[in-house]
Structure formats: C-alpha cells, structure tokens
Number of protein chains: 2
Amino acid sequence: MYLSNSLSTLELLKKNKIKATPQRIAIYNMLVNTKQHPSVDIIYKSLKKDFPSMSLATIYKTVDMFKEAGLIQELKDASSTNRYDANIQPHPHLICIKCNRIDDLEMDLPFSEDIISTINDTTNYTILYSQICLYGYCPDCKMKERK
Amino acid sequence: MYLSNSLSTLELLKKNKIKATPQRIAIYNMLVNTKQHPSVDIIYKSLKKDFPSMSLATIYKTVDMFKEAGLIQELKDASSTNRYDANIQPHPHLICIKCNRIDDLEMDLPFSEDIISTINDTTNYTILYSQICLYGYCPDCKMKERK
DNA sequence: CTGAGTGCAAAACATTTGCACTTGT
DNA sequence: ACAAGTGCAAATGTTTTGCACTCAG
C-alpha cells in the first residue's frame with residue numbers, strides 16, 4: 001500500500017496543523033495516488049462517487065491550503081488551468097499543448113541552490129521556487145497531429 | 001529608433017502573411033517596445049488613447065495569431081493571467097508572486113538542442129519550446145513583505 | 001470587390017466569495 | 001461548545017464566440 005513506509009494522510013494533516021476532514025483526506029489521497037497532475041475539476045469528478053455532495057469550492061479551498069502548507073505543488077497546463085501534484089520535489093514537466101496532458105520528466109533540476117543564490121544576489125529578487133515546463137505534443141497527440 | 005536595423009512592423013507582418021491592420025501594428029509595436037510582459041488588459045488600456053474603439057476581443061485574437069506565427073511568446077503570471085513578450089528568444093523569467101511583475105533573467109538556457117533531442121527520444125514527446133519560471137518576491141515586494 | 005478583421009454583446013469557463021449549516025477536536 | 005470547514009449560489013475575472021459592419025489588399 002502506498003502509505004506503508006510513511007505517515008498516514010491523517011497524521012500528515014495533523015502534523016501540518018490542518019483539521020482532518022474526510023474531504024481533505026480524500027483529496028490528498030487522490031493526489032498522492034496518481035501521476036496525472038489532476039485539475040480541480042478532475043478531482044471533483046473523481047471524488048463525486050464517494051462524496052456526492054462535495055462542492056467545487058471545497059476542493060478549491062483545500063488545494064489552496066495544501067499548496068500554502070507545502071503539501072502539494074500547483075502548476076498550470078497549456079490552457080492555463082491549475083493542476084496539482086503531490087510530488088513536491090521540483091521536477092521538470094512535459095506538457096502537451098493539444099490535450100493538456102502533463103507528465104513528469106525524470107531529470108536533475110538545472111537550478112541548483114548555488115544558482116538560486118546567485119540569482120537572488122544579482123537580481124534582487126527572492127526566489128522561492130522554480131518550474132521548468134517543456135511544451136509540445138505528447139506521444140498520443142503526436143501521431144494524430146499533421147502540421 | 002528601435003526599428004533602425006530591422007524590418008518595420010508592417011514588413012514583418014507581411015512577411016508572415018498577416019494582414020497589416022492599424023490595430024495589429026499598434027499591438028506589435030507596443031510589445032516590442034516594452035520589457036513589461038504586458039497582459040491583454042494592459043495592452044488594451046495602453047492603446048485606448050490611440051484606438052478608443054478597439055475591443056478586447058481584437059487583442060485576444062491578435063496576440064493569439066502572433067503567438068501561432070511565432071512573433072511573440074506567451075507566458076502566465078503567478079495568478080495565471082496570460083502575458084506577452086515580443087522577445088521570442090527562450091529566456092528564464094522572474095515572476096513576483098505578490099504583484100505579478102515579470103522580469104527577464106539574463107542567463108543561458110539550460111536546455112540546449114542536444115538535451116531537447118534526448119528528451120524527444122526518451123519520452124516520445126515532441127518538445128517545441130520550453131519555459132523556465134522562477135517565482136518569488138520582486139525587489140519592491142520583498143521590502144514590504146514580512147513573513 | 002471580397003474575404004478577412006473589427007467591435008460589440010453575450011457566452012463560456014475557471015476561480016472566489018458570502019453566508020447559513022455542519023462537524024472535528 | 002465553538003471555531004473551523006462545507007456546500008450552495010452568486011459574483012468575479014479572463015478568455016472565447018457569433019454576428020453585422022468595415023476595411024486592407
């Protein structure tokens with residue numbers, strides 16, 4: 001089971017001082033068990049069967065809270081819709097500009113801590129996190145596409 | 001003048017088989033003359049004095065067409081609003097998560113052609129372009145922020 | 001002259017908000 | 001018990017669309 005060697009979702013939320021409601025546990029579990037980088041709407045549809053009355057607003061509030069707590073990361077697909085990832089390790093994303101599918105790229109991050117420090121020094125920004133997005137056609141859309 | 005050594009906007013549009021309307025010329029000129037990565041709304045407000053009847057829809061259609069033609073690049077600020085840049089050289093962006101200001105980072109792109117080829121081969125994606133976004137506080141917001 | 005472009009208003013979405021009701025601790 | 005969370009509906013903000021009018025080539 002996915003939690004065998006780690007905290008249960010309940011414990012994780014408590015550890016982060018987040019009140020553990022069934023909805024929040026379900027949302028986190030869904031995110032941690034998929035590689036699909038789901039949108040709020042996908043989360044909503046996916047949990048609909050277990051929580052028929054769950055509202056989109058709850059999911060928006062929840063993912064926002066998880067993001068603030070650093071439990072998940074937010075990214076945007078090619079059409080700008082927010083997508084969520086329970087893998088909080090910075091890692092490049094492959095984004096299909098046709099179907100909006102998002103995959104992870106297994107690769108080292110080009111921005112080391114050193115580089116971030118240099119950027120902070122030279123630009124006067126305070127960089128907190130970075131994202132690398134590679135846009136193009138996914139394997140499926142590549143075949144259908146002729147341009 | 002900014003065009004002294006290059007094509008006029010009129011010529012550039014014609015070269016790209018884009019019908020050169022006054023609106024399109026004005027939008028492109030505005031983008032090429034700023035480092036601010038403006039949003040559609042900013043472009044709209046900025047051109048309002050010269051084109052009082054210009055509509056937002058025209059600007060949306062125009063930037064989309066320019067993007068498809070490869071004349072500008074689109075990026076998204078921290079709140080997801082689309083922003084535009086007439087500098088089509090891939091370059092990392094610094095994005096303020098408080099005021100949504102976007103600056104360019106003068107730095108080499110970590111993704112060389114070689115790396116893109118490798119990614120294309122190993123992932124079966126066809127990568128067309130990439131974006132590197134560094135999120136944090138800009139110099140102005142850094143000072144105001146206390147957290 | 002004619003198809004492409006523009007402006008307007010309405011529509012379509014994604015996301016946020018206010019508030020009464022419910023629930024975890 | 002009570003502050004915090006949820007669900008609903010309405011509001012907001014951005015982007016898209018349909019269509020009659022206009023204009024660049």
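Chain identifiers are assigned alphabetically (A, B, ...) following the order of the sequence lines, protein sequences preceding nucleic acid strands; residue numbering begins at 1 within each chain. Please read all numbers here as calculations on a predicted model, not as lab measurements.
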Would you kindly give the [atom1]-to-[atom2] distance between [X] and [N], to the nearest whole Å?
{"X": "A:M54", "N": "C:dT22", "atom1": "CE", "atom2": "C1'", "result": "15 Å"}
{"X": "B:K76", "N": "C:dA14", "atom1": "NZ", "atom2": "P", "result": "14 Å"}
{"X": "A:L56", "N": "C:dT17", "atom1": "CG", "atom2": "C1'", "result": "14 Å"}
{"X": "A:I42", "N": "C:dA14", "atom1": "CD1", "atom2": "P", "result": "10 Å"}
{"X": "A:K61", "N": "C:dT22", "atom1": "NZ", "atom2": "C1'", "result": "13 Å"}
{"X": "B:I25", "N": "C:dG5", "atom1": "CD1", "atom2": "P", "result": "13 Å"}
{"X": "B:D77", "N": "C:dT15", "atom1": "CG", "atom2": "P", "result": "13 Å"}
{"X": "A:K14", "N": "C:dG24", "atom1": "NZ", "atom2": "C1'", "result": "9 Å"}

Between [Y] and [X], is there a side-chain donor-acceptor contact under 3.5 Å, judged purely by atom types and distance?
{"X": "A:T126", "Y": "A:N120", "answer": "no"}
{"X": "A:D85", "Y": "A:H91", "answer": "yes"}
{"X": "B:D103", "Y": "A:Y125", "answer": "yes"}
{"X": "A:H93", "Y": "A:D104", "answer": "yes"}
{"X": "A:D77", "Y": "A:S79", "answer": "yes"}

Check this one for me: any side-chain N or O of B:T62 less than 4.0 Å away from OP1 or OP2 of C:dG5?
no
Taking only the side-chain nitrogens and oxygens of B:R24, find out if one of them lies under 4.0 Å from OP1 or OP2 of C:dT6.
yes
Span of DNA chain D, from the first to the last nucleotide whose atoms fall under 4.0 Å of chain B heavy atoms:
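First-to-last contact on DNA chain D, by the 4.0 Å heavy-atom rule, is D:dT14 to D:dG25.
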Is there a side-chain contact between B:M65 and B:L71 (heavy atoms, below 4.5 Å)?
no
Note, B:C138 side chain near B:K98 side chain (heavy atom, < 4.5 Å):
no
5'-most contact on DNA chain D: B:D64 or A:K19, nearest heavy atom basis?
A:K19
Could you go step by step and tell me if A:K61 and A:D64 meet the salt bridge (charged side-chain N to carboxylate O under 4.0 Å, His left out) rule?
CA-CA 5 Å; A:K61 287 167 187 163; A:D64 204 57; over 6 Å; no
Which residue lies toward the 5' end of DNA chain C, B:I18 or B:A57, if each is placed at its nearest nucleotide?
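On the 5' side of the pair lies B:I18.
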By nearest heavy atom, map B:T58 and A:V40 onto DNA chain C; which one lands nearer the 5' end?
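The 5'-side residue here is B:T58.
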B:V32 and B:L10: same hydrophobic cluster, using ILVMFWY side-chain contacts below 4.5 Å?
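Yes: a chain of side-chain contacts under 4.5 Å links B:V32 to B:L10.
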Looking across every strand, which nucleic acid part, if any, lies under 4.0 Å from B:N82 by heavy atom: base, sugar-phosphate, or nothing?
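Sugar-phosphate: the residue B:N82, judged by heavy atoms under 4.0 Å, touches backbone atoms but no base.
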Which part of the nucleic acid, if any, lies within contact of A:P22, taking any heavy atom under 4.0 Å across all strands shown: a base, the sugar-phosphate backbone alone, or nothing?
sugar-phosphate
Reading DNA chain C 5' to 3', what string of ( ), [ ], | and . shows its pairs, if Watson-Crick and G-U wobble pairs count only when both distances fall under 3.5 Å?
|||||||||||||||||||||||||
Among residues at least two apart in sequence or on other chains, which ones pass ring-ring contact (aromatic ring centres under 6.0 Å, His included) with A:Y129?
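For A:Y129, the residues satisfying ring-ring contact (aromatic ring centres under 6.0 Å, His included) (neighbours in sequence not counted) are B:Y135.
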